[in-house]
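Beneath this line is the structure, given in structure tokens, with notes to follow.
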Amino acid sequence: LASENAEQERITEFESRLDQAGFQIVRSAEDEERPDLAPVLDGKPASFDELQRQAVNGEIDQTRLEQIRENYFRFIDEMNRIFSKLRVNRNEMRRKLVELQAASIEPQLDREIQQLKEQFPGERIAAYLDSVREAVLSGIEEFTPESASWAGGGAGPGSVGSSGSAGSSQAGSAGGGLEGDHGDRSRFQRFDVNIVVEHTETEKSPVVFEGTADYAKLFGTVEPSADGGEDGSPGFMSLRAGSVLQASGGFLVLRAQDILMQEDAWNALKRTLQDGATEIRTIPGPYSHPSGLKPEPIEVAVKVIIMGNEHIYDILYNQDEEFGKLFKIPAEFDAVMERNERNTAEYVSFMRMIQTQERLLPLAPAGIAAVVHHGVRIAEFRNRLTTRFSRIADLLREADYWARRHESAEITEREVEAALEQRRYLYNLPEEKIDEQILSHELLISVSGSAIGRINGLAVIDRGYYAFGRPMVITVRIAPGDDGIINIERESGLSGELHDKGVYIIEGYLQSKYLREHPLSVRASICFEQSYVEVDGDSASSSEIYVLLSAIAEVPLRQDIAVTGSVNQMGEVQAVGGISEKIEGFYEVCRKIGITGTQGVIIPRGNIENLILSREVLDAVKADTFRIWAVDTIDQGIEILTGLQAGARTQRGSFQAGTVNSFVEKRLREMADQMKRFGGR
């Protein structure tokens, strides 16, 4: 206060001398922020241009003008010295005031900082809080209320020249008083804390599933914000964390198809796992805006789980040399699980969970059994249950709809069957069209009688969401020759690789079983009649052997029996897929054409565990109006189809007379002799 009074007295004394000398402080014409002096004529400030004009007109004496000009420069120099010294004094007083203010708040500030250190332990946090302490003490003026600031002290440069505003303007510039709006908190934003990840309420390791695995979602980004600089560059409060940082200390779950489509994100993810650290920065690319911020890397400890199909791990392991080092554990999930008491109980628990969560009607015991039966059918093993739980959940929802429509209080077997029947109705248009073609004889299928070189094979048409079986006529025509077995499907480009393999196996079987003393001298053409799409798989190879043997031995095969099963070169019949659909498909055709009571199918014995048949087929089997034969070998199957003994080799090395095998061997030898005689002519 004493310093302010001394300054005020000096300024007052200077203003008094200016007044006596005929001068007044005004704003500079060139710079309004800078004060200037003007001579006073007739009680008003005048410019030197005006004085010069009056001197020329003789209104004032030239000598007086020179004296005024000399006094002007003398007073200007003195004013500048006064204000310069005032600035020095003010700065010194401000420094001392800042030191005094810092000393007064330092004890309280240290207590607050210590409390924060105890609440948030850690070396890096302590170092940050120490830097905050130093920043607060060194910038104490920013925290001083306006009423206590130096600028609000009253006297000083801000009060010079009570009759003009020029003195006030100069005071703000020269005096260096604390300026600015203390209500504007933007000055304090550098002390803000950007909590990019918070786990205060997380009790267990975090598990984050990222459905959109682009770079920004995974690693965060720097968003433009209002606290950035004038050039639009964002400040640290616009840092946004990504899933990698949010999952640190836990698990991050990604879809393979999502992360692999983002090359930048995939490479950055591998670097993060290798380095154990991640960075928040702008998205790389030609269209991203660079940021002046460069946050330091953040240490992360995260387990990344990538979900994909059954082949994705093998592909990545063999094509990306870094993949095997980072992802060491492949976890493969089977589509089926063992059907035992424990797993069945878990299955029922899953059904009840869906019922509770989605407020479905209660499940009756018979309804539960029907759903479990459907799970077994999807698994295609009687001792297995499907793990495709989404399909089970869908069935429960659909059964609930039918239960409400039937005004039932619970979901019973009737509602489950209604839901499955509705599904079949929605999906079975191709099945209906094939049956129409069979009944109209557009497709030539016979389910009664017998024929040479003709058999009903069984095929499955699998649409992914719906599969059904239907018979397919396979025929063979033979003649002497050296072409061997001709696969007409392959010759016409309609045979898949697995079907080609099955045909080669058939040829190997013939050679090993019948051609011990002579070469294969036959030209046999195998054809899937009225088939105009690609045939693949080897499930028809047993059917092709049966019809080939029938054509060679000229022995008729029963047409009321359909056949499925693959075969090896030893003549052993092997299990195939879709067995239930194949049996039901042939039964359906027989039912529509006419059940004779003798119809049935031959299947591999290895498929017995896969039989999960519809109630209608089971009833027909129990009533003995439809039969299922399970065989282990081709010989067993040929006996059922022909009614003759297959025949074994005697001690003399030939097959028993009157058997199918003896007829085949005899006919092959005859064709070999024919070829030999023909070649000798």
Side-chain angles (χ1 to χ4, degrees), residues 207 251 253 305-314 328-358 360 362-399 411-413 415-417 419-420 423 460 462 464-469 537-539 564-566 572-584 601 603-615 617-618 621 628 630-632:
V207 178
F251 303 88
V253 185
I305 300 172
I306 297 181
M307 301 184 300
N309 60 41
E310 56 185 331
H311 304 298
I312 192 68
Y313 187 88
D314 297 342
K328 303 179 185 297
I329 303 175
E332 297 181 291
F333 295 89
D334 200 347
V336 297
M337 64 182 182
E338 185 179 356
R339 180 189 173 196
N340 53 34
E341 184 175 347
R342 177 181 176 182
N343 287 346
T344 303
E346 294 289 344
Y347 226 67
V348 175
S349 297
F350 170 77
M351 286 187 265
R352 295 201 182 280
M353 179 191 71
I354 295 297
Q355 172 212 332
T356 302
Q357 289 181 349
E358 303 190 14
L360 307 181
L363 286 159
I368 292 174
V371 175
V372 172
H373 179 271
H374 184 66
V376 174
R377 182 179 175 90
I378 296 175
E380 295 190 15
F381 285 91
R382 287 193 288 180
N383 60 349
R384 295 285 188 274
L385 287 166
T386 183
T387 56
R388 297 176 180 175
F389 294 108
S390 61
R391 297 182 63 175
I392 299 301
D394 287 342
L395 179 58
L396 291 173
R397 298 179 186 110
E398 294 167 19
I411 299 174
T412 67
E413 182 182 11
E415 282 71 42
V416 175
E417 290 297 329
L420 293 173
R423 283 190 186 181
V460 168
D462 192 346
Y465 49 85
Y466 182 69
F468 64 95
D538 62 351
S539 63
T564 187
S566 66
E572 297 170 332
V573 180
Q574 303 167 145
V576 294
I579 193 68
S580 297
E581 289 82 0
K582 291 177 179 179
I583 295 173
E584 291 169 354
V601 295
I603 65 170
R605 189 173 299 277
N607 276 129
I608 290 178
E609 289 298 318
N610 306 112
L611 292 179
I612 307 101
L613 299 171
S614 66
R615 184 178 300 278
V617 175
L618 288 175
V621 171
I628 300 174
V631 300
D632 294 304

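Residues G578 and V460 approach most closely at O-CG2, 3.7 Å, considering heavy atoms. Across all non-hydrogen atoms, the minimal contact from V573 to G565 is CG1-CA, 4.2 Å. Among all heavy-atom pairs drawn from I368 and L363, the shortest one is CG1-CB, 3.7 Å. Taking every heavy atom of both residues into account, A419 and E398 meet most closely at CB-CB, 3.8 Å. Among all heavy-atom pairs drawn from V336 and A379, the shortest one is CG1-CB, 3.4 Å. Considering all non-hydrogen atoms of both residues, I329 and Y313 come closest at N-OH, 4.3 Å.
T564 is not listed as a side-chain neighbour of V601, based on a closest heavy-atom distance of 4.5 Å or more. Side-chain atoms of V253 and M307, non-hydrogen and from C-beta on, do get closer than 4.5 Å to each other. I354 has its side chain out of reach of I392: every pair of non-hydrogen atoms, C-beta onward, lies at least 4.5 Å apart.
Considering CD of E415 and OG1 of T412, their distance stands at 3.5 Å, rounded to 0.5 Å. Separating the CG atom in L395 from the CE atom in M351 is a distance of 9.5 Å, to the nearest 0.5 Å. Rounding to the nearest 0.5 angstrom, the gap separating the CG atom in N610 from the CD1 atom in I579 is 7.5 Å. With values rounded to the nearest 0.5 angstrom, I583 atom CD1 is found 4.5 Å from L611 atom CG. For the atom pair E358 CD and T356 OG1, the distance stands at 10.0 Å (nearest 0.5 Å). Interatomic distance, Y347 OH to R339 CZ, rounded to the nearest 0.5 Å: 10.5 Å.
Within the structure, every pair that satisfies the side-chain hydrogen bond (donor to acceptor under 3.5 Å, both in side chains) test and touches residues 364-387, not counting sequence neighbours, is listed here: R377-E584. Residue pairs satisfying the salt bridge (charged side-chain N to carboxylate O under 4.0 Å, His left out) criterion with at least one member in residues 573-583, sequence neighbours excluded, are absent.
The main-chain N or O of I612 is found under 3.5 Å from a side-chain atom of S580 such that the two form a donor-acceptor pair. At distances below 3.5 Å, not a single donor-acceptor pair connects side-chain atoms of S566 with backbone N or O atoms of V576.
Within 6.0 Å of CZ on F251 lie no more than 12 heavy atoms contributed by other residues, nucleotides or ligands.
There is no side-chain donor-acceptor pair under 3.5 Å between T344 and E341.
Taking the side chain to side chain donor-acceptor pair (under 3.5 Å) definition, one finds that D538 meets it with nothing, sequence neighbours left out. For E572, the side chain to side chain donor-acceptor pair (under 3.5 Å) criterion is met by N568, not counting sequence neighbours. Applying the salt bridge (Lys or Arg N to Asp or Glu O under 4.0 Å) test to D334 and every residue at least two apart in sequence or in another chain returns nothing. Among residues two or more places apart in sequence or in another chain, the side chain to side chain donor-acceptor pair (under 3.5 Å) test is passed with D632 by R605.
Under 4.0 Å is where a charged nitrogen must lie from a carboxylate oxygen, and between R397 and D394 at least one such pair does.
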